[in-house]
Amino acid sequence: MGNYTNNRGEKIDTNDIQDKLKENALERNFDEEKAETEDIYLEMIYPREHDEYLVDGAILTCSKLDKNPQVYDGRIYLTSIPNCYTTLHVTENTKAMVGRYYQATIQDCKINKNIVPFCCNCENPPYSKEEKARLLSDHLCESRGTCRALMDLNDAWENFPSKVPYFNFIDDEKGLLPGINMTSVLFCRHGGLIYPVSSGQEFDVQINRKVALQDSTRLLIMKLEGRPFITPRINSDGSFTAGYGYDFTKDSDPESFARYFEVDDYGNIQVKRDLTEQEVKESIDLAADKKGITQAVEGFINGVGYGNSEKPLDINQNQYDALFSYFYSNGAFVFTDDAYNSWKDKGGEYEVRAEARKTLKDYIIKENGHYEDKVIIKLFIESKGANIKYDYKDRRTQEAEIFILDEAR
């Protein structure tokens, strides 16, 4: 908390921001006759469980929702965030375990590590309607996920001062790490305020299991994507690819460049070595984060966007893996209305596939855990794939067969 100047040259007083937020909440909800204690005050400002601790899987949003475009580093950004949710990942304290929950602390605030940037809030360059539709359908939009270019988070979450005792964890290296709850906030130096929408506990209670990107997911991607991509590639446009779809440039990821490539005596770039098995698996995580796949699958399952804003889904790990592969193949926005409308407008086979994907999506949401095997297989196969040249029957069949499995793989 304090004063700083953001990247647009504006002077920001975060204390003033917090005071205004509290005042606004107070004006909306506060009843002086009833508010005799600080706890009542908190309950009235935060109608949800204000003392509920955040755990791994908590859903976060950002206050930066105005619609004024801004120019930053030569790019045009829209500060309106079309899908304004992301998931909190707990990593900073391995002892932060309470019951069966991995509980978040004030240090769980690292970009990409703990908080994946919000999805696609820029246009680079400003595309025409037709070009945007093509990029969406081909999943090549380089602007997707580019809140990562703007996100500049404070070094720790801020806890709201209250009588609620924040649970503290002792870390051997970092010392005392307070937990965070539904009143905690995290400031972004571009003016946004990151705050929780859900603690993550409700999702776990409803589903009674945790599903996530894990080795079973990666192995499925490696199987369905085809041959093992163990040798890094030098692309014709000057970019590089490592493993299963992780694309980067020398400037965007100098560490990966130095790991896999070298410049010879003649100035030519050469592949230095192959990827290890672990690096191949890591490339799936990197590509999925860069393309917004992980965030999209979690958002869809949690019922907070990417085609599902109705309810959280009762999903097991096999179903998560199948959906992750489906999104990985078709793009983060495959189930969204925008993708559906852009494909439907093209008519013909594009429209047929758009309708089939909508039918599959609606069935998954409506039945929510009570699926018929034959229907799932039929709908997966009929939905085909984003590339109109192929029907993807084999891949869709294998995903469907994984989706209907009950036992662990």
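The structure presented is a predicted model; accordingly, all values stated were derived computationally and were not measured.
- Screening Glu349, Arg357, Lys358 for a side-chain contact (heavy atoms from CB on, under 4.5 Å) with Trp343, the sole residue that qualifies is Arg357.
- Looking only at side-chain heavy atoms (C-beta outward), Val90 and Gln103 stay at 4.5 Å or farther from each other.
- With Cys109 as the fixed residue, the side-chain contact (heavy atoms from CB on, under 4.5 Å) test singles out one of Asn154, Leu88, Leu186: Leu186.
- Applying the side chain to side chain donor-acceptor pair (under 3.5 Å) rule to Glu225 yields the partners Arg395; only residues at least two apart in sequence or on another chain are considered.
- With Arg233 contributing its side chain and Gly243 its backbone, the two residues share a donor-acceptor pair below 3.5 Å.
- The ring of Phe335 has its center closer than 6.0 angstrom to the ring center of Phe327.
- Using a 4.5 Å cut-off on side-chain heavy atoms (C-beta onward), Arg218 and Asp215 make contact.
- Residue Lys272 qualifies as enclosed at atom NZ: its count of foreign heavy atoms under 6.0 Å is above 12.
- Between the side chain of Thr359 and the backbone N or O of Glu355, at least one donor-acceptor pair lies under 3.5 Å.
- In terms of heavy-atom proximity, Ala332 sits nearest to Ile293 at N-CD1, 3.6 Å.
- For the residue pair Ile59 and Asn302, the shortest heavy atom distance occurs at CD1-CG, 3.8 Å.
- Counting only distance, with no hydrogens or angles, the side chain of Lys110 and the backbone of Gln107 share a donor-acceptor pair below 3.5 Å.
- Distance check, rounded to the nearest 0.5 Å: CZ of Phe229 to CG of Asp274 gives 13.0 Å.
- Separation of the Tyr328 and Tyr244 ring centroids does not fall under the 6.0 Å cut-off.
- In this model, no donor atom of one side chain and acceptor atom of the other lie less than 3.5 Å apart for Thr336 and Asp338.
- The backbone N or O of Ala322 sits nowhere less than 3.5 Å from a side-chain atom of Ser325 that would complete a donor-acceptor pair.
- Side chain to side chain, Arg273 and Thr231 fail the donor-acceptor criterion of an N or O pair below 3.5 Å.
- Checked by atom type, the side-chain pair Ser184/Tyr195 shows no donor-acceptor distance below 3.5 Å.
- Residues satisfying the side chain to side chain donor-acceptor pair (under 3.5 Å) criterion with Asn235, sequence neighbours excluded, are Ser239, Thr241.
- No salt bridge links Asp247 with Lys290; every basic N to acidic carboxylate O contact stays at or beyond 4.0 Å.
- Counting heavy atoms of neighbouring residues, nucleotides and ligands inside a 6.0 Å radius, atom CD of Glu277 does not exceed 12 of them.
- Separation of the Tyr260 and Phe240 ring centroids does not fall under the 6.0 Å cut-off.
- Remark: Tyr392 pairs with no residue by the ring pair (Phe, Tyr, Trp, His ring centres under 6.0 Å) rule, at least two apart or across chains.
- The shortest distance between side-chain heavy atoms of Tyr340 and Lys361 does not fall below 4.5 Å.
- Glu382 places no side-chain N or O within donor-acceptor distance of the main-chain N or O of Leu379, the cut-off being under 3.5 Å.
- When all heavy atoms of Pro232 and Val271 are compared, the pair lying nearest together is O-CG2, 3.5 Å.
- Shown are Val185, Thr183, Ile106, Leu193; of these, the side-chain contact (heavy atoms from CB on, under 4.5 Å) with Glu158 is made only by Val185.
- Not counting sequence neighbours, the partners of Ser256 by the side chain to side chain donor-acceptor pair (under 3.5 Å) test are Asp253.
- Arg396 and Lys384 make their closest contact through NH1-O, 2.6 Å (heavy atoms, listed as atom of the first residue, atom of the second, distance).
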- Message: Could you go through Tyr306 and Gln295, starting from their C-alpha distance and side-chain angles, then the distance that decides it, and tell me whether this counts as side chain to side chain donor-acceptor pair (under 3.5 Å)?
- Response: CA-CA 9 Å; Tyr306 296 94; Gln295 180 183 351; 3.1 Å; yes
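- Within the 3.5 Å criterion, the main-chain N or O of Leu213 finds a donor-acceptor partner in the side chain of Tyr320.
- Surrounding NZ of Lys223 are at most 12 heavy atoms belonging to other residues, nucleotides or ligands under 6.0 Å away.
- Applying the side chain to side chain donor-acceptor pair (under 3.5 Å) rule to Thr397 yields no partners; only residues at least two apart in sequence or on another chain are considered.
- A side-chain hydrogen bond (donor to acceptor under 3.5 Å, both in side chains) with Thr217 holds for exactly one of Asp285, Asp321, Asn318, Thr294; it is Asp321.
- Side-chain atoms of Asn181 do not come within 3.5 Å of backbone N or O of Tyr53 as any donor-acceptor pair.
- Counting non-hydrogen atoms of other residues, nucleotides and ligands closer than 6.0 Å to NZ of Lys250 gives a total of 12 or fewer.
- Taking every heavy atom of both residues into account, Val334 and Asn330 meet most closely at CG2-CB, 3.5 Å.
- The backbone N or O of Ala104 sits nowhere less than 3.5 Å from a side-chain atom of Asp108 that would complete a donor-acceptor pair.
- Contact detail for Arg353 and Asn387: the closest heavy-atom pair is NH1-O, 3.1 Å.
- For Glu282, the side-chain contact (heavy atoms from CB on, under 4.5 Å) test picks out Gln278, Glu279, with sequence neighbours left out.
- The closest donor-acceptor contact from the side chain of Glu399 to the backbone of Phe380 lies at 3.5 Å or more, if one exists at all.
- With hydrogens and angles disregarded, a donor-acceptor distance shorter than 3.5 Å links the side chain of Asp264 to the backbone of Tyr266.
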